[in-house]
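First up is the structure itself, then whatever we jot down about it.
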Amino acid sequence: MPVFVLRGAHRSADGQIGPALFEETITAADPGEAIRLANAQDLSTKDERANALWLVDAQGVLHWSLRRADRD
C-alpha cells in the first residue's frame, strides 16, 4: 500500500513556509484516501506553531495542502 507523508510548518505573514515542524506517515490505497485520512487528523496533538499543512507521496508529489486557519 502506498505511503504518504503529512507535514506541518509555520507560514509567516509574508507567505514564506519554514521547515517542517512535524511529519506523520499515512498509509493509504490512493491519494484520495490519504487526503481523507489527513483531514481526519487531530491537529491538537501536533505542534501548534504549524499553520500550513501538506501531503506528499513517496516521490514528493504534492497531493493536498491547507492553511490551518481554513480548517479551524
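A heavy-atom distance below 4.5 Å is found between the side chains of Trp64 and Leu6. Side-chain contact check for Ile35 versus Leu55: some heavy-atom pair is nearer than 4.5 Å.
With rounding to the nearest 0.5 angstrom, the CZ atom of Arg11 is 12.0 Å from the CG atom of Leu53. Rounded to the nearest 0.5 Å, atoms CG (Leu21) and CG (Asn51) are 9.0 Å apart. To the nearest 0.5 Å, the span separating CG on Leu62 from CH2 on Trp54 amounts to 9.5 Å. Atom-to-atom distance recorded for Ile26:CD1 and Phe4:CZ is 9.0 Å, nearest 0.5 angstrom. In this structure, CZ in Arg7 is found 12.0 Å from CD1 in Ile17, a value given to the nearest 0.5 Å.
The two atoms that bring Ala9 and Gly18 nearest to each other are CB-O, 3.4 Å, heavy atoms only. The heavy-atom pair separating Ala28 from Met1 by the smallest distance is O-CG, 3.2 Å.
Remark: side-chain polar atoms of His10 are paired, donor with acceptor, to backbone N or O of Arg49 under 3.5 angstrom. For Gln16 (side chain) and Ser12 (main-chain N/O), no donor-acceptor pair under 3.5 Å exists by modelled atom type.
Connection of Leu37 to Leu66 is established within a shared hydrophobic cluster, with ILVMFWY side chains joined at heavy-atom distances below 4.5 Å, either directly or through further cluster members.
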